[in-house]
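All remarks here apply to the structure that follows.
The structure presented is a predicted model; accordingly, all values stated were derived computationally and were not measured.
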Amino acid sequence: MSDPTHDPDDPSESPIDGEGFDVDDWARLAPFAGRLATLDDVQARRAVFAMSDTADGRPLDMELPQPVIWWDDDGEQAAIAVQAERHTSAEGEVMEVLGLILPDGEGVVALLEDVDLVDDTDPTWRDLVDRAIDPDAAGD
């Protein structure tokens with residue numbers, strides 16, 4: 001779903017501002033929605049990723065920005081999904097791909113199947129955000 005107030009060509013509305021987020025200000029992250037991202041979008045920091053070697057690419061109909069818990073090799077991490085696309089590989093595999101922003105501002109790419117969609121009141125998500133910002137602030 002595209003945000004009609006969001007101007008994807010305005011660099012001040014970059015989802016990847018490098019400043020990260022906390023549990024109270026995550027919603028300020030600008031989504032990249034309504035079309036597939038290009039390499040120019042990634043280089044301008046409007047999008048987290050661009051995929052060119054796939055077929056049938058299209059944006060996923062998903063509310064963005066969206067708090068998520070991302071399950072990576074190191075365990076669970078809090079993140080905000082700011083980009084969502086569906087692509088089909090040359091082998092016919094359908095991939096639902098998300099561009100995520102971590103609390104430290106880093107952008108990462110993940111599959112939708114590797115995240116849990118949550119809301120900002122989820123105690124686990126809030127604790128993960130707090131721990132990412134200040135490892136000594138972890139809840140019990």
Checklist entry - Can you find a pair of side-chain heavy atoms, one from Phe32 and one from Leu64, that are under 4.5 Å apart? => result no
Item to check | Leu98 vs Val109 side-chain heavy atoms within contact, under 4.5 Å | outcome: no
Next on the checklist: Let me check something: do Val23 and Ile101 share a hydrophobic cluster, defined by ILVMFWY side-chain heavy atoms less than 4.5 Å apart, either directly or through other members?
Outcome noted: yes
Checklist entry - Charged N to carboxylate O under 4.0 angstrom, Asp122 versus Arg126? => result no
Item to check | Side chain to side chain, Val68 and Trp125, heavy atoms closer than 4.5 Å | outcome: no
Checklist entry - How many angstroms lie between atom CD of Gln77 and atom CG of Leu100, to the nearest 0.5 angstrom? => result 9.5 Å
Checklist entry - Should the pair His87 and Phe49 be assigned to parallel (<30°), tilted (30 to 60°) or perpendicular (>60°) ring geometry? => result perpendicular
Next on the checklist: Could you tell me if the side chain of Gln66 sits less than 4.5 Å from the side chain of Ile80, heavy atoms only?
Outcome noted: no
Checklist entry - Is a side-chain donor-acceptor pair under 3.5 Å present for Thr38 with Asp40? => result no
Next on the checklist: Is the shortest side-chain heavy-atom distance between Ile69 and Val115 below 4.5 Å?
Outcome noted: no
Checklist entry - When hydrophobic residues are tied together by side-chain contacts of less than 4.5 Å, even through go-betweens, does Leu117 share a cluster with Trp70? => result yes
Next on the checklist: By the definition side-chain contact (heavy atoms from CB on, under 4.5 Å), identify the one residue from Thr54, Leu111, Val48 that meets it with Val97.
Outcome noted: Leu111
Checklist entry - Are the side chains of Met95 and Ser89 in touch, meaning some heavy atoms are under 4.5 Å apart? => result yes
Checklist entry - Looking only at side chains, do Trp26 and Asp120 share a donor and an acceptor under 3.5 Å apart? => result yes
